[in-house]
Amino acid sequence: MTTRWRLRPFDADRVASLSREASIPPLIAQLLLNRGVADGAGAASFFDTRLVGLHDPESLPGVVEAADAIVKAVRDRRRIVIYGDYDVDGVCGTSILWDCLRLAGSHDVRYYIPHRVEEGYGINADALRKIAEMSPGALVVTVDCGISAVAETRLARELGLGLIITDHHTIGPALPEPDVLVHPRLPGGSYPFGELCGCAVAFKLAWQICKGFGDGKKASPHLRDFLIRSIGLVAMATVADVMPVHGENRILIHHGLSGLAKTASEGLKALMEISGVVGKKALTTSTIGFGLAPRINAAGRLERAMHAVEMLTTDDADRARELAVALDECNARRQQVERAIVEEAHAIIDAQGGLNGRGAIVLGRPTWHPGVIGIVASRLAEAYHRPAIIVALGPEMGQGSARSVSGFNLYDAIHACSERLTGFGGHSAAAGIKLPIAHFEAFAEQFEAHCRQALSAEQLQKTLNIDAEVPLGTLTLKVVESIEALEPHGIGNPRPLLVANNVKVIGEPRTMGERQDHVRIRIAQGNTTLGAIGWRMAERAKVLRNGTPCAIAFHPSVNEWNGRREVQLELKDFRVDGAEHAQSA
């Protein structure tokens with residue numbers, strides 16, 4: 001599929017004005033303008049990531065009542081069971097709440113993470129019955145799940161369990177009625193930032209709990225120190241759950257990244273060591289997205305996420321190392337399973353005639369592992385630029401994961417086709433579904449037809465939004481370090497994407513990586529030559545030879561190797577002929 005390059009507008013007067021007012025280089029001013037920062041005050045606010053910018057948890061709907069109930073349960077020595085989701089968001093939030101209650105003096109706090117394959121997402125009836133049998137009268141506190149558990153909430157009450165639901169997912173047509181419901185976008189609430197991940201909601205609850213064990217307004221010193229340490233897990237979950245990087249999320253990620261290496265638990269230290277990120281000058285959102293988060297997720301995908309919680313909460317360095325190694329091995333197996341399914345999915349699509357005007361990719365097979373279908377859906381949505389739903393078909397039921405394309409609300413699309421589903425949940429970019437396999441084909445046809453009609457022509461066209469055209473000679477180490485100061489990146493603050501026209505390849509490209517699917521290239525323009533790397537671009541880069549003229553779209557970065565720091569270009573796309581390809585927006 002041909003990718004359109006769209007160059008964002010350039011207003012020389014506005015760039016010069018912001019550059020002077022904020023005392024920043026013109027290129028940084030252009031990048032900020034592209035992100036909606038229009039003046040010096042906005043720039044100051046953008047770069048102000050002090051913790052005082054976090055909202056007091058008391059304004060979060062339900063959090064005061066939930067914290068009061070939990071503090072009472074601790075003082076009454078009532079058993080508390082933290083019921084978390086099996087992804088990074090749920091695992092990190094569960095770990096924070098468990099640690100919080102342990103440090104606050106709870107003598108009976110446990111955690112429960114459902115098995116992805118055997119139990120599926122969210123609160124399930126069998127798990128509640130098991131908890132009620134093993135822990136009669138316990139107080140169950142969910143993390144990152146429960147907003148759609150209407151029937152399960154009624155069952156919890158019948159079983160004599162207390163239930164506090166904390167969640168952040170899209171609210172459906174009917175709300176559950178637990179003892180307390182904590183959600184940043186609860187109808188009637190006035191919380192000023194509705195884009196918290198599930199772990200961040202759990203962190204806010206932990207914060208309020210710590211205040212309850214202090215003087216009611218501030219946490220005691222040891223609990224305050226715990227909250228500061230916990231921000232690293234909140235940052236990891238926020239990045240892994242692909243939440244917008246502005247407002248509170250930007251503050252949480254900024255402080256979490258800077259504090260991960262300094263205040264890491266034994267488990268995080270072991271995980272960072274096994275992931276190869278120890279010793280880096282700075283951790284980034286990419287460090288989390290490609291290094292740490294996949295290893296935590298792997299436990300919930302192929303085995304049990306309980307192991308990841310144990311790793312994050314243990315004080316035993318040897319046990320932490322043992323668990324980190326196990327998660328790393330699990331992640332390697334996950335990658336193998338994922339690659340096999342992706343290759344099979346591509347073959348199926350090719351056999352069906354490729355995209356051929358279809359509005360979505362909906363595929364299902366009995367042999368596909370439900371633990372990796374979310375990643376496969378992401379790969380296919382990226383490759384074909386269509387919403388993708390991948391379903392693992394069981395004997396009677398199918399479990400599916402869905403991923404969207406930019407600007408298309410996936411949750412709304414699934415809701416419009418939900419009459420054949422037994423359950424679904426998620427948000428605009430990602431969702432999960434359950435359905436009888438007898439209804440799979442009909443649902444696939446309906447969803448594909450709905451997307452074909454609902455997607456706009458622009459949404460169907462894969463587009464790279466280019467921040468600016470730059471001469472390679474301007475990308476000094478100092479300038480690129482200034483660009484990296486815009487971190488953390490994500491939705492709302494994407495990594496700066498630049499274009500350089502009329503460049504040429506120097507020398508022959510070299511493949512790299514275990515599967516030789518990445519490529520290293522030297523790129524020259526005038527008297528400037530820089531190294532570039534193309535992730536998973538080895539096959540495409542076969543057209544490049546020494547002296548090939550081209551235009552490149554890339555992320556500028558600083559590469560650290562053996563104590564050296566140098567500018568490196570991370571290729572996002574290239575066009576062979578050297579002409580100017582980016583169209584003005």
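With hydrogens and angles disregarded, a donor-acceptor distance shorter than 3.5 Å links the side chain of R157 to the backbone of E177. Looking at D68, its side chain never comes within 3.5 Å of a backbone N or O of I70 through a donor-acceptor pair. Checking side-chain atoms of K462 against main-chain N and O of Y384 turns up no donor-acceptor pair under 3.5 Å. Judged by distance alone, the side chain of T313 and the main-chain N or O of V309 form a donor-acceptor pair under 3.5 Å. K204 places no side-chain N or O within donor-acceptor distance of the main-chain N or O of C199, the cut-off being under 3.5 Å. Looking only at distances, no side-chain donor or acceptor of H385 sits under 3.5 Å from a matching main-chain atom of V405. Here the side chain of D412 pairs no donor or acceptor atom with the backbone of S428 at under 3.5 angstrom. The main-chain N or O of G137 is never found under 3.5 Å from a side-chain atom of R79 such that the two would form a donor-acceptor pair.
A salt bridge is absent between D76 and R78; no separation between the charged side-chain nitrogens and carboxylate oxygens falls under 4.0 Å. Ionic pairing of E338 and R379 is present here: one or more N-O contacts between side-chain nitrogen and carboxylate oxygen are shorter than 4.0 angstrom. One finds no salt bridge joining R154 and E158 here, because no Lys/Arg side-chain nitrogen approaches an Asp/Glu carboxylate oxygen to under 4.0 Å. Ion pairing between E484 and R495 fails under the 4.0 Å rule for side-chain N and carboxylate O.
Scored by the side-chain hydrogen bond (donor to acceptor under 3.5 Å, both in side chains) test, W368 finds E344 as partners (sequence neighbours excluded). Every salt bridge (Lys or Arg N to Asp or Glu O under 4.0 Å) that K211 has, sequence neighbours left out, goes to D56, E58.
R403 and S378 share a donor-acceptor pair across their side chains, judged by distance under 3.5 Å alone. Judged purely by distance below 3.5 Å, without hydrogens or angles, the side chains of N297 and D87 never pair a donor atom with an acceptor atom. A side-chain donor from one of N124 and Y83 sits under 3.5 Å from a side-chain acceptor of the other. When only modelled atom types and interatomic distance are considered, H168 and D144 share a side-chain donor-acceptor pair under 3.5 Å. No side-chain donor-acceptor contact under 3.5 Å links Y111 and E310.
Note: H246 and F193 have perpendicular aromatic rings, judged against thresholds of 30 and 60 degrees for the angle between ring planes. Classified by interplanar angle (parallel below 30°, tilted 30° to 60°, perpendicular above 60°), the ring pair Y411/H415 is parallel.
Between N331 and P294, some side-chain heavy-atom pair lies under the 4.5 Å cut-off. For the pair V143/D167, no side-chain contact is recorded, criterion being any heavy-atom separation below 4.5 Å from C-beta on. L268 is listed as a side-chain neighbour of L312, based on a closest heavy-atom distance under 4.5 Å.
By the neighbour-count criterion of 12 heavy atoms within 6.0 Å, atom CD of E419 is densely surrounded, having more than that number from other residues, nucleotides or ligands.
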